[in-house]
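Working notes for the structure below.
Read the numbers this way: they start at 1 and go in the same order the structure lists the ligands and their atoms. Source: prediction; values computed, not measured.
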Amino acid sequence: MKAAVVRAFGEPLVIEDRPDPEPGPGEVRIRVEASGLCHTDVHAARGDWPVKPNPPFVPGHEGVGRVEKLGEGVTHLSIGQRVAVPWLGKACGRCEHCLSGWETLCEQQVNTGYGCDGGYAEKMLAWADFAQPVPDGVTAVDAAPLTCAGVTTYKALKVAGARPTQLVAVSGIGGLGHLAVQYAKIAGATVAAVDVTDEKLELATALGADLVIDARKDDVGAVLKRHGGAHAAIALAVDDAAFEAVNSGLRRGGKLVMVALPAHGTVRVPVFDTVLNGTSVIGSIVGTRQDLAEVFQLHAAGQTQVISETRPLDSVNESIDEVLRGQVKARIVFDLATGR
Ligand code: NAD
Ligand code: ZN
Ligand code: ZN
């Protein structure tokens, strides 16, 4: 089977032919149909973060495909069933975080495409308990971006506690942001979308954003304040200054939800304003299996739109360059079913 492999940080990925992986107890083997390119995969391939994966590894945590082999003891999935394999490859199921509905904080977790091989491959393994069934009516190409971009922003909106009539700023209208705009609208919020390209701002408007802010020329904080200040700002742009800009546009009691993970990201938060205004800074990491089930349910009900461009897996290096140049419309999805 074909796989795109990171052999060394910052080097182009190498397309390799590998033997089909064998599922161990509690695992399944999946024939991958579609696999999304999340900006996290770019960070992984470049070794951007303090905790690094170990090359060689196969990135990808938006892999969707059909179960083709069951490991010992797997009884709740069947051959041919379509599943998605998210970043949360597995968690321990026993710790305080797992038991309190915060499996995403489990210290024993293994992350797909980071701590184990991921979805940039024709076949992959998954822990059966964390392979999420995809409802009929959701295509593999749509399910892929929902598996990380969707669940992450859906959860970030939950963490923000977004409610009807509130103003929610979404900073960065990429893979994550184009879905964040839609979840904020579903929550009933008024949405201010922030980006640095005309195409992204137009996309945000098409997806329901009520106002757009061009961070190249507008003072993001001042514009948000003119609209009363944001109850919540979802920071998805891979740029430290973008976090500071939306933070300065919070209203009193507002929440900055940090989601993007720029290399060496460090943000200055003014103590005086934070204290006097009673604002919060919260980190939000992906979402649970239940969050992902809800994301698929919303999509199956026709409430969200996934904007993607499909590519062959062989284009992985050019595709990563496009993400870094900000040229992708929203999400690139490697189409392994048709190879296009
Ligand atoms: P992306 O490249 O698709 O989108 C980033 C967007 O930010 C682009 O539209 C870009 O034009 C815009 N942007 C760049 N500079 C900006 C600025 N100064 N102000 C406003 N917008 C700006 O990336 P993505 O796949 O959506 O991922 C975004 C980030 O989120 C990455 O760092 C990724 O690693 C991280 N991430 C975090 C989690 C989590 O659980 N916390 C999950 C998935 C991804
Ligand atoms: Zn991701
Ligand atoms: Zn745990």
- prompt: Which of the numbered atoms in ligand 1 are below 4.0 angstrom from a heavy atom of Asp239?
  reply: 18 (N)
task: Give a yes/no verdict on a cation-pi contact between Lys155 and Trp87, requiring under 6.0 Å between NZ or CZ and the six-membered ring centre and an angle within 45° of the axis.
output: no
- request: Kindly report the SG-the Zn ion (ligand 3)-SG angle for Cys92 and Cys106 respectively, rounded to 10°.
  value: 110°
- request: May I ask you to say whether Lys2 pairs ionically with Asp314, meaning some side-chain N is under 4.0 Å from a carboxylate O?
  value: yes
- line: The closest protein heavy-atom partner of atom 34 (O) of ligand 1 is Thr40 OG1, 2.7 Å
- prompt: Does Gly326 come within less than 4.0 angstrom of ligand 1, counting non-hydrogen atoms of the residue?
  reply: no
query: Cys38 near ligand 1, heavy-atom distance under 4.0 Å?
result: yes
field: Polar side-chain atom of Lys200 near backbone of Val328 as donor-acceptor pair, under 3.5 Å
entry: yes
query: Out of Ala260, Ala149, Ala204, Cys148, whose heavy atom is nearest to atom 35 (C) of ligand 1?
result: Ala260
query: Any sub-3.5 Å donor-acceptor pair from Arg251's side-chain atoms to Gly228's backbone N or O?
result: yes
query: Near Ile173, which atoms of ligand 1 are under 4.0 Å from a heavy atom of that residue?
result: 9 (O)
statement: Closest to atom 12 (C) of ligand 1 among protein heavy atoms sits Asp195 OD2, 3.2 Å
Phe243 and its side-chain contact (heavy atoms from CB on, under 4.5 Å) partner, picked from Ser171, Ser248, Pro262: Pro262
- line: Residue, atom and distance of the protein heavy atom nearest atom 38 (C) of ligand 1 read Thr152 CG2, 3.7 Å
statement: Arg331 heavy atoms within 4.0 Å reach ligand 1 at atoms 24 (P), 25 (O)
Interatomic spacing from OG1 in Thr139 to CD in Glu33 - rounded to 0.5 Å: 9.5 Å
- prompt: Under 3.5 Å, is there a donor-acceptor pair between the side chain of Asp291 and the main chain of Val151?
  reply: no
- prompt: What protein heavy atom sits nearest atom 17 (C) of ligand 1, and how far away is it?
  reply: Val196 CG1, 3.6 Å
task: Do me a favour and list the nearest non-hydrogen protein atom to atom 40 (O) of ligand 1 with residue, atom name and distance?
output: Val286 N, 2.6 Å
task: Tell me which one of Lys155, Lys200, Arg325, Glu322 gets a heavy atom nearest to atom 8 (C) of ligand 1.
output: Lys200
query: Hey, what's the ring geometry for His43 with Trp49, parallel, tilted or perpendicular (30° and 60° as the breaks)?
result: tilted
- prompt: At a 4.0 Å threshold, what atoms of ligand 1 neighbour a non-hydrogen atom of Ala242?
  reply: 17 (C), 18 (N), 19 (N)
- prompt: Where is the nearest protein heavy atom to atom 4 (O) of ligand 1: which residue, which atom, and how far?
  reply: Gly174 CA, 3.3 Å
- prompt: Within a strict 4.5 Å, meaning less than it, do heavy atoms of the Asn317 and Asp321 side chains meet?
  reply: no
- request: Using a 4.5 Å cut-off on heavy atoms from C-beta on, say whether the side chain of Pro270 contacts that of Asn247.
  value: yes
message: Could you check whether Asp142 and His299, counting side-chain N and O atoms only, form a donor-acceptor pair closer than 3.5 Å?
response: yes
- prompt: Quick check: does His61 have an N/O/S atom under 2.8 Å of the Zn ion (ligand 2)?
  reply: yes
task: For ligand 1, find out whether one of its N or O atoms is nearer than 3.5 Å to an N or O atom of Leu261.
output: yes
- prompt: Evaluating non-hydrogen atoms only, which member of Ser171, Gly265, Ala215, Gly175 is closest to atom 3 (O) of ligand 1?
  reply: Gly175
query: So Tyr183 and Tyr154, would you call those rings parallel, tilted or perpendicular, with 30° and 60° as cut-offs?
result: perpendicular
field: Which segment of Phe243 sits under 4.0 Å of ligand 1 when only heavy atoms are counted
entry: neither
message: I want to know if ligand 1 touches Trp49 in the polar sense, i.e. an N/O pair below 3.5 angstrom.
response: no
query: Looking only at protein heavy atoms, which one is nearest to atom 37 (C) of ligand 1, and how far off is it?
result: Val259 O, 3.0 Å
Shortest protein heavy-atom distance from atom 22 (C) of ligand 1, along with the residue and atom involved: Ala237 CB, 3.4 Å
message: Is it true that Tyr120 and Asp41 share a donor-acceptor pair across their side chains at a distance under 3.5 Å?
response: yes
